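Read the numbers this way: they start at 1 and go in the same order the structure lists the ligands and their atoms. This one's a predicted model, so the numbers in the text were calculated from it and none came from an experiment.
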Amino acid sequence: TGQIVVSGLTKQYKNVRAVDNLSFTVEPGRVTGFLGPNGAGKTTTLRMLLNLVTPTAGAATIGGHRYADLTAPLRSVGAVLEASSAHKGRTGLNHLRVICAAAGLPRRRADEALALVGLTPAARRKFKGYSLGMKQRLGIAAAMLGNPQVLILDEPANGLDPEGIRWMRGFLKGLAAEGRTVLVSSHLLSEMQLLADDVVIIAAGRLVQQGPVDQVIGSM
Ligand code: ADP
Ligand code: ADP
């Protein structure tokens, strides 16, 4: 299954403890909001989950495995880390086909992923002409190529217009309703109230609270 377990996770940069002995769990079938002010350590934590940053101490597992030990990472975990970028002159469809080829995924997955995020009409337009919202959708499409059980998104609502945010909300709720694990960071409590089932709140690298969104916000 796609349970995420974070256990004693710590990242020390030269003079900054970005993440400090952080432990929490994330359950499948729910949208979990990872909430904290800018600089709280959200990005560093998500990057440690994905084996992009090496922890100073502690560990994180996804479905019982460390990311580095997953046999088919793209089929298990999708990640949307920052405003999606692609070769400017490439079309959205070609961008996804390149990833499929590199990852050994069938080419048709590129078309399916574009349809999933509503980008089929823009499939053959060049990336440089995409709006920010379209770039975000393309980033999500890329993360969905392997049909992952777990989706991890770092501030996906950043820079989106209200329509884009509404779309994102519905899309992520739909993934959770299918039984997937959805972990999404934000610095906006208001957005999490509309999106998340559970929240994990951190500040200065440490856990503040974890639980169902209604309970946690009711107790604040
Ligand atoms: P958030 O995503 O919640 O805004 P980050 O994880 O980006 O927080 O950052 C947490 C803290 O760690 C901040 O003080 C940030 O400046 C620091 N930090 C992040 N990455 C690095 C790095 N590569 N080197 C040094 N400090 C870093
Ligand atoms: P590391 O190899 O330590 O994980 P990165 O490759 O992420 O570091 O970043 C290289 C350097 O850039 C860091 O050691 C740090 O000095 C600086 N840096 C990167 N991101 C940040 C940040 N968010 N805040 C402060 N410094 C950063």
Side-chain angles (χ1 to χ4, degrees), residues 2 4-27 30-62 66-68 70 73 77-85 132-133 135-140 142-143 148 150-161 164-165 168-169 171-172 175-176 181-213 216-217 219-220:
I4 299 173
V5 178
V6 171
S7 173
L9 208 55
T10 299
K11 180 65 182 182
Q12 178 77 43
Y13 288 109
K14 281 181 197 70
N15 42 16
V16 183
R17 183 154 291 222
V19 177
D20 191 0
N21 195 24
L22 188 59
S23 302
F24 61 86
T25 57
V26 180
E27 301 300 330
R30 300 174 74 78
V31 176
T32 298
F34 189 35
L35 190 63
N38 286 325
K42 302 181 297 295
T43 298
T44 304
T45 299
L46 297 183
R47 292 176 73 87
M48 286 194 281
L49 284 179
L50 296 162
N51 200 34
L52 297 169
V53 169
T54 308
T56 308
T61 58
I62 299 175
R66 292 181 194 229
Y67 188 89
L70 294 172
V77 186
V80 182
L81 285 185
E82 52 205 71
S84 164
S85 80
L132 186 58
K135 287 177 180 175
Q136 279 288 45
R137 286 183 199 231
L138 188 65
I140 292 174
V150 176
L151 195 67
I152 294 174
L153 307 98
D154 195 5
E155 301 263 6
N158 266 4
L160 288 191
D161 59 17
I165 290 175
M168 172 94 55
R169 208 182 283 146
F171 183 78
L172 297 181
L175 294 181
T181 308
V182 181
L183 177 60
V184 48
S185 77
S186 176
H187 60 280
L188 292 175
L189 178 64
S190 54
E191 177 55 25
M192 286 299 117
Q193 283 178 287
L194 293 171
L195 171 64
D197 301 300
D198 296 326
V199 285
V200 172
I201 302 180
I202 67 167
R206 296 185 189 181
L207 186 69
V208 175
Q209 248 184 323
Q210 156 163 42
V213 67
V216 167
I217 288 168
S219 73
M220 286 172 76

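- Only the backbone of Pro37 comes within contact range of ligand 1, with a heavy atom under 4.0 Å; no side-chain atom does.
- The number of heavy-atom neighbours closer than 6.0 Å to CZ of Arg206, taken from other residues, nucleotides and ligands shown, is 12 or below.
- Applying the side chain to side chain donor-acceptor pair (under 3.5 Å) test to every pair with at least one member in residues 41-51, sequence neighbours left out, gives these pairs: Thr43-Asp154.
- Thr25 places a side-chain heavy atom less than 4.5 Å from the side chain of Gln210.
- Residue Phe24 forms a side chain to side chain contact (heavy atoms under 4.5 Å, CB included) with just one option from Leu9, Val5, Val200, and that option is Val200.
- For Glu27 against Thr181, the heavy-atom pair with the smallest separation is O-CG2, 3.9 Å.
- Of the listed residues (Gly41, Gly39, Ser186), the one carrying the non-hydrogen atom nearest atom 11 (C) of ligand 1 is Gly39.
- Minimum interatomic distance between Ala203 and Ala40 (heavy atoms only, all atoms of both residues): CA-CB, 4.2 Å.
- Among Leu35, Thr44, Val16, the residue whose heavy atom lies closest to atom 5 (P) of ligand 1 is Thr44.
- Taking only nitrogen or oxygen atoms, main chain and side chain alike, Lys42 reaches within less than 3.5 Å of ligand 1.
- Between Ser186 and Leu188, the shortest heavy-atom distance links the atoms OG-N, 2.9 Å.
- Contact between Gly36 and ligand 1 is absent, with no heavy atom of the residue lying under 4.0 Å from the ligand.
- Atoms of ligand 1 found under 4.0 Å from any heavy atom of Asn38, numbered from 1 in the order shown, are 4 (O).
- Close contacts of ligand 1 with Ala40, meaning ligand atoms under 4.0 Å from a residue heavy atom, involve 1 (P), 3 (O), 8 (O).
- Below 3.5 Å of separation, one finds an N or O of Thr43 facing an N or O of ligand 1.
- Near Ala18, meaning under 4.0 Å from one of its heavy atoms, ligand 1 places the atoms 10 (C), 11 (C), 12 (O).
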